[in-house]
Amino acid sequence: MCGIVGYVGTSKSIEVLLGGLRRLEYRGYDSAGIAVIDENGDLQTRKRAGKLATLLGDLESNPLANGATGIGHTRWATHGGPTDGNAHPHLGDDGKLALIHNGIIENFSELKQELLSDGYVFDSETDTEVAAKLLGREYGRTKSLEQAFRNTVQRLEGAFTLLAVHRDEPGLVVGARRNSPLVIGLGDGENFLGSDVAAFVEFTRRAVAIGQDQMVAIRPDSVTVTDFLGAPVQADEFEVAWDASASEKGGWSSFMAKEITEGPDAVANTIRGRIVDGLVQLPDLDGIGDAALAGITRIVIVACGTASYSGILGKYAIESWSRVPVEVELAHEFRYREPVLDSTTLVISISQSGETMDTRMAVQYASEHGARVLSICNTQGATIPRESEAVIYTHAGPEVAVASTKAFLAQVAALYLFGLHLARVRGTLSDQVIAENCAELVAIPEKLTRVLESTDSIAQLAGWMADTRAVLFLGRHVGYPVALEGALKLKELAYIHAEGFAAGELKHGPIALIEPGQPVFVIVPSPIGQPELHKKVISNIKEIEARGARVLAIAEAGDAFVPPLADVVLPIPLAAPFFEPLLAVAPLQIFAMELATAKGLDVDQPRNLAKSVTVE
Ligand code: F6R
C-alpha cells in the first residue's frame with residue numbers, strides 16, 4: 001500500500017525522493033507527492049492524483065528548487081478518493097510543516113472534531129490531515145519538531161507510519177511507526193527512511209528496521225531511535241541481501257515476466273546451504289529447536305491469498321512426512337473465531353512482504369495465546385519475522401509485480417524444507433527417504449527452467465482466449481492449490497471470472513457450470529507417481545469433455561492418456577507428486593500474464609490491488 005520515502009543529506013533530495021517513489025510504485029497507489037525544504041529554506045510541496053508519471057510531468061513543466069531535506073509519498077486511497085487534494089503531503093495550519101502517512105488513524109474523527117472546535121480548517125477528506133494539523137498545533141507549543149511529533153503520535157490510534165519535516169528545522173526528518181512498516185537506510189553524510197528497503201537500496205544497503213511504537217529522527221550525520229516516550233532504543237543494523245539492479249525491470253516487458261523467469265533461482269536460492277549431505281539444515285530455526293518440534297501436537301498455517309495456497313501444499317507435505325496434523329487458515333479469519341491454541345501448537349505464518357496486516361494480527365494473536373510462532377518470509381527487516389520466534393527466510397529476491405509468482409515457489413520450497421526437517425526430528429522418515437525428497441527439490445530449478453523455455457503455446461492460447469469471460473481450474477491433492485492459484489492469477493491480472501475447484505467436488509455442484517465451449521484447466525497428476533489419482537482425474541476430464549468443455553490440461557510429458565481427451569496439453573517434466581506443483585504453476589502464471597497482456601492491461605499493477613496490504 002502507500003509508499004513512503006524520506007531523505008536528508010545533500011541538495012539532491014528531489015531525485016532521491018522520486019527515485020525512491022519509483023521503486024515503491026509496485027506497492028500499488030493512486031496518487032503521489034513530495035515535500036522539500038529547498039535551498040532558500042522554503043517548504044515546497046507538489047502532489048498529483050494518478051501515476052507517478054503525472055507528478056513527474058508536472059515537476060518537469062514547473063520545477064521545484066531542490067534541497068537537502070524531503071519526504072515523498074505514493075497514496076493508496078482509504079479516507080477520501082484519489083484526488084490532488086487528498087494526496088500527501090498534508091500541511092500544518094501555518095504551511096510550515098509537511099506530513100505523510102501510511103495506514104489508518106482510527107480515532108481521526110474525535111481528533112478532527114477537537115481541531116475543528118479549535119478553529120482549524122481542513123482542505124482534504126483524509127485522516128492524515130488531522131495528524132498534520134495536530135503536529136502543527138504541538139509545534140506551536142513546543143517549538144521542537146521531535147517533541148511535537150512525539151506528542152502527536154501519542155494521541156493517535158490505529159496503524160500508521162508517519163514522516164514529517166518542518167521549514168524551521170531543515171536537515172531533520174522525523175518518522176514513527178505503529179502497525180505499519182518503516183526502515184532506515186544508513187548513508188555517508190546522508191540518511192534515508194522508507195516503507196521498505198527498495199526506497200533507498202540504490203544508495204545504500206545498510207539498513208535498520210524500526211520496531212513497533214518507535215520514533216526516529218534522521219539528520220545527515222546522525223540517526224536516533226526512541227520509543228514514543230523518548231527513551232532511546234537499541235536498533236539492529238542489517239545488510240540488504242540484494243542490490244538495486246534486482247528490483248529493476250532490466251529489459252523485460254514487465255516485472256511479472258522477469259519474476260516468473262526468476263522462479264528457478266528463487267527455489268535454488270531458498271534451498272541453497274540448507275541441504276547438506278542429503279539432509280535439511282535449518283539453523284534459522286534456533287528459536288524453535290528440536291525439543292520444541294518434537295513436542296508439538298499440531299500445526300496451524302496462517303496466510304492470505306497466494307501465500308495461503310503455498311500453505312495448502314505445505315499442509316499436504318508436512319502431514320504426510322511428519323504425521324503432525326496441519327490446518328491452513330486464512331489469516332483474517334483466524335483470530336476472530338477464537339481458535340484453540342496452546343504451547344504445543346506451532347503457528348506458521350507465510351508472507352512474502354512480511355507486512356500483511358491480516359497475517360501479522362494472526363501472528364500476534366497466536367503469540368498472545370501461547371502458541372509457538374514460526375514465520376516464512378521473503379523480506380528482511382519486515383515486521384512479521386521480527387514478531388515471530390523463528391523465521392525461515394525465502395530468498396526469492398525482491399518481488400515487484402503485485403501478483404506473487406516466484407515468492408510462491410520459494411514459500412513452497414521453504415515449507416518442504418521445514419517438513420523434511422520435522423520428519424527427521426520426529427523420526428517419521430528415514431534419512432534415505434529424506435535424501436530422496438531433497439534430491440527432488442534440488443532438481444526443481446533445472447526442470448522449471450525447461451518449462452519456462454517452452455511457453456510459446458501458452459502465449460498463443462492466451463491470445464486466442466482474450467475474449468473469454470470465465471475460466472475454471474480443476475486439480476486434486478497437490479493439484480488443488482495449483483488450481484486455486486491459477487484462478488487467482490487470472491482474476492487479479494486479467495479481470496476474468498475464474499474459479500479453482502478440487503476436481504472431486506465437481507459432481508457436488510460446479511459441474512452445472514459446464515456448458516459447450518467452457519474453458520477448463522485441469523492439473524493432471526502423474527500416472528507414474530499417483531496412478532489412482534490419475535485415473536480419477538481422467539474420469540473428471542471425461543465428465544466435462546462429454547458436456548462440451550474445452551479442456552486445457554497441464555500434464556506430465558509422455559502421459560498418453562491426456563492428449564486424446566484434451567484440446568490443449570501443456571507438458572511438464574516428471575517429478576515426484578509433492579514437487580509437481582512447483583512445475584505446474586508456471587504455465588498458469590504465464591497464461592494469466594499473457595491473457596492480461598492480450599487485453600492491454602497493466603500486469604504489474606492490476607487495478608485496485610496493492611502489493612503489501614498493510615491495513616486489515
Ligand atoms: C496474489 C497475491 C496476494 C498475496 C497476499 C499475501 O498474487 O500476491 O494474494 O499473496 O496478499 O501477501 P504476503 O505474502 O505479502 O503476505
Side-chain angles (χ1 to χ4, degrees), residues 1 24 26-28 76 179-181 195-196 198 254-256 259-260 263 266 270 301-314 328-334 347-364 375-388 391-394 396-415 473 481-482 484-496 498 500 585-586 588-593 596 601-616:
M1 291 186 151
L24 294 174
Y26 77 93
R27 296 171 73 90
W76 192 84
N179 295 331
S180 176
S195 332
D196 64 60
S254 63
F255 277 107
M256 188 172 178
E259 287 160 9
I260 290 173
T270 298
I301 294 178
V302 290
C304 302
T306 292
S308 74
Y309 303 150
S310 77
I312 301 177
L313 289 169
V328 181
E329 185 140 0
L330 291 170
H332 35 88
E333 287 293 311
F334 181 69
V347 170
I348 303 181
S349 85
I350 310 170
S351 175
Q352 187 285 130
S353 61
E355 300 294 348
T356 301
M357 187 58 81
D358 293 314
T359 309
R360 190 177 157 216
M361 290 296 129
V363 162
Q364 264 182 20
S375 287
I376 292 178
C377 181
N378 195 43
T379 311
Q380 286 170 286
T383 308
I384 293 174
R386 288 165 60 86
E387 294 180 350
S388 307
V391 54
I392 302 176
Y393 278 109
T394 50
E399 194 176 63
V400 174
V402 165
S404 192
T405 53
K406 61 177 180 172
F408 171 81
L409 300 172
Q411 286 161 356
V412 176
L415 284 159
F473 294 75
V482 175
L484 294 174
E485 176 60 359
L488 178 60
K489 288 282 100 77
L490 199 57
K491 281 184 248 205
E492 63 182 339
L493 290 168
Y495 317 152
I496 288 178
V585 79
L588 299 181
Q589 295 170 341
I590 295 168
F591 175 75
M593 177 183 72
L601 300 172
D602 180 344
V603 295
D604 285 339
Q605 290 175 38
R607 70 182 176 202
N608 305 338
L609 292 175
K611 180 69 181 163
S612 178
V613 184
T614 51
V615 294
E616 265 188 292

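Quick note: residue numbers are just sequence positions, from 1. These numbers were taken from a predicted model, which means no experiment stands behind them. In listed order, ligands and their atoms are each counted from 1.
An N or O contact shorter than 3.5 Å is missing between T359 and ligand 1 by distance. Taking any N or O of K489, backbone or side chain, at least one lies under 3.5 Å from an N or O belonging to ligand 1.
Considering only heavy atoms from C-beta on, M256 comes within 4.5 Å of K489 through its side chain.
Among all non-hydrogen protein atoms, the one lying nearest atom 2 (C) of ligand 1 is T306 OG1, 3.7 Å. In terms of protein heavy atoms, atom 15 (O) of ligand 1 is closest to S353 OG, 2.7 Å. In this structure, atom 11 (O) of ligand 1 lies nearest to the protein heavy atom V613 CG2, 4.4 Å. In this structure, the protein non-hydrogen atom closest to atom 7 (O) of ligand 1 is E492 OE2, 2.4 Å. Protein heavy atom in closest approach to atom 6 (C) of ligand 1: C304 O, 3.4 Å. Distance from atom 13 (P) of ligand 1 to its nearest protein heavy atom, with residue and atom name: T356 OG1, 3.2 Å. Among all non-hydrogen protein atoms, the one lying nearest atom 14 (O) of ligand 1 is Q352 N, 2.6 Å.
A pairwise comparison of heavy atoms in L24 and S195 identifies CD1-OG, 4.0 Å as the closest pair. Smallest separation of non-hydrogen atoms from Y26 and K611: O-CB, 3.1 Å.
Between the T356 side chain and the D358 main chain, no donor and acceptor come within less than 3.5 Å of each other. Without hydrogens or angle criteria, K491 side chain to A498 main chain gives a donor-acceptor distance under 3.5 Å. Within the 3.5 Å criterion, the main-chain N or O of T306 finds no donor-acceptor partner in the side chain of E485.
A salt bridge does not link K406 to E399: none of the charged side-chain nitrogens sits closer than 4.0 Å to a carboxylate oxygen.
When each atom of ligand 1 is checked for a heavy atom of A307 under 4.0 Å away, the hits are 10 (O), 14 (O). In the vicinity of S351, heavy-atom distances shorter than 4.0 Å reach the ligand 1 atoms 13 (P), 14 (O), 15 (O), 16 (O). Every atom of ligand 1 is numbered from 1 in the order shown, and the set under 4.0 Å from a heavy atom of A403 is 7 (O). Every atom of ligand 1 with a heavy atom of G305 under 4.0 Å away is listed here by number and element: 9 (O).
Looking only at atom types and distance, the side chain of T394 has no donor-acceptor partner in the side chain of T270 under 3.5 Å away.
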For this session: Just do the side chain to side chain contact (heavy atoms under 4.5 Å, CB included) check on I260 and M593 with the steps written out, would you?
Result: CA-CA 10 Å; I260 290 173; M593 177 183 72; 4.0 Å; yes
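Residue contacts with ligand 1 include V402, since one of its heavy atoms falls under 4.0 Å from the ligand.
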